[in-house]
Amino acid sequence: MISVSNKALDAWIKEVAEMCKPDNVYLCDGSQEEYDKMIQITVDAGSATPLKKRPGCYLFRSHPSDVARAEKRTFIASKNREDAGPTNNWIDPDELKATMGALYDGCMKGRTMYVIPFSMGPIGSYISKIGVEITDSPYVVINMRIMTRIGTEVLKSLGDGEFVRCLHSVGKPLAPGEKDLSWPCVPNVDEKYISHFPEERMIWSYGSGYGGNALLGKKCFALRIAGVQARDEGWLAEHMLILKLTDSDGKFHYICGAFPSACGKTNLAMLEPSFPGWKVETIGDDISWMKFGDDGRLYAINPEAGFFGVVPGTSMQSNPNAMKQIMTNTIFTNVGLTDDGDVWWEGSGIPAPDHLIDWQGNDWTPDCGRLAAHSNARFTTPANQCAVIAPEWEDPAGVPISAILVGGRRKTTIPLVNESLDWSHGIFLGSIMGSEITTADITDKVGQVRRDPFAMLPFVGYHMGDYLQHLLNIGKKTDASKLPRIYFVNWFRKNDEGKFIWPGFGDNSRVLKWIVERISGTGKAVSTPIGNMPAPGAIDTDGINVSAGDMEELLKVDKEAWLAEIVSIKENYKSYGDRLPPELSAQLDALEKRLNG
Ligand code: SAT
Ligand code: MN
């Protein structure tokens, strides 16, 4: 048995080992040699395929039951049911511990138990926090080393300090001599558990090896548990990208952005602007932790060290920087394997080969009627390999945030961009954001809006109403002039023929340009009932195929549509019951008055 100097950690490791009964216990040091050894273990086990065409890259195929975050099986086990709120699944913590304790009993037999000390954020930053993940999956160790900072340095920095306990098992013990599966997990989705104990700052995950179910530093810790810590300690743990935008004079601003899935968030974080001399650099593509600095501004760090991005749709058009980044040292999960040892996926912009092995390990041809890559296939790739990573991305001081973008995927109503009147109005806009439900969601509600406040619907570890109140409270902790300005954006407006009006991708930089002009005091705006909108001509459309009429449509305040929107927002707000912040209902009333005024 290993031993570590942090007494609480030492005791916890022994307690977990006694419960899970692994054959061995291994403490990760985070070295390259260790990483190479883990890779070799997975190659030898038949789980990983080296990719001849991409140095240091490997392909994994998951079990078909284990391909995405399991939202239905994600639990917030707060002591009081009400504290989990209407958007989370709740189980009494004692009951859940008893159920999962029985599942964990002996679940690591025949396996090695890996102990991974990890830091979310640069080691030692005042914004960073430390966790320890115990797992029986070498795939998790490999991915955690890319996605976070792990090993001896973290343990040193932890000292006798506090850490978040993250326990993970794939839930597949091995009998003596039993051959392992290439993707061990619990195939029955209803027996998987992704559990959070917010009061104890603890995560228990069982039965899944995939993504956010298993890489516990990401959504489980950095959003759900850190969100509770942030609420209690007066800071922010948000589902936001962080980018640095530099204009042609060399002036720069840092911008955060919250978008639900399928809105091109990773692409925006690495965008290639359409103006000569302008530059976007990446700080983070998914999560932003923000604390007040001594000057009263909000400073952000990216708590992660890698990108876990959706592969399908990634192409030289949608994200040339990511395409370059994933040529080396990248883990691919659930994409197609070509006969010459490369990977292929739908929407890559590369013609499909005549034959490949699909994500389920079967022969695939272009006419077979199946996807080569699963729609949630992922790359895990080190952030420092990104060609446009900002040099200061690991600055322990964080970067001062000037603006926050919020937005979803809306065909109608929501204009291209709208500047909030102040912080509270901005929180109101974030609280009503969302996307239209598409056929991909397999529901009878196609076309209705699924509201996803700050893209945090599946990621708030407590009551959504209290979360929105916390955001409002943050705005009262400093001078209004020091707060980031909040912008509501929508790249996805369609015309009557169902075609996108705005070109999107790199041209979204035209909207970012107006935003930094606003922050600098030069951008022209007109005041409208919904907020400040770009004055005619204030958004540069030189060189793109967007007419003045299109711009008018993109920036129109459609009164009837907004009044209908208000009805639907009221319905949504009802679900927060008496925890709906009074300021938000006041914002909604004020909007209605302005529209009718
Ligand atoms: O699997 S993750 O939670 O890391 C990504 C996602 O589903 O948002
Ligand atoms: Mn995300």
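Just so you know, these numbers come straight off a predicted model, no measurement behind them. Start at 1 and go down the list; that is how both ligands and their atoms are numbered.
When the shell of 6.0 Å around NZ of Lys279 is examined, it contains 12 or fewer heavy atoms from other residues, nucleotides or ligands.
By the 30° and 60° cut-offs, the orientation of the rings of Trp183 relative to Tyr210 is tilted. Note: Trp289 and Phe221 have tilted aromatic rings, judged against thresholds of 30 and 60 degrees for the angle between ring planes.
Looking at Asp285 and Lys265, no side-chain N of the basic residue comes within less than 4.0 Å of a carboxylate O on the acidic one, giving no salt bridge. Using a 4.0 Å cut-off between charged nitrogen and carboxylate oxygen, Glu436 and Arg410 count as a salt-bridge pair.
Here Ile287 fails the criterion, with no N, O or S atom under 2.8 Å of the Mn ion (ligand 2).
Within 4.0 Å of ligand 1, heavy atoms belong to protein residues Arg69, Gly211, Gly212, Lys218, Lys219, Phe308, Arg378.
Screening Phe332, Trp364, Trp359 for a ring pair (Phe, Tyr, Trp, His ring centres under 6.0 Å) involving Trp344 leaves a single residue, Trp364. Considering Lys218, Arg149, Lys219 in turn, Lys218 is the only one that fulfils the salt bridge (charged side-chain N to carboxylate O under 4.0 Å, His left out) rule with Glu304.
Checked against the Mn ion (ligand 2), the N, O or S atom of Asp286 at the shortest distance is OD1.
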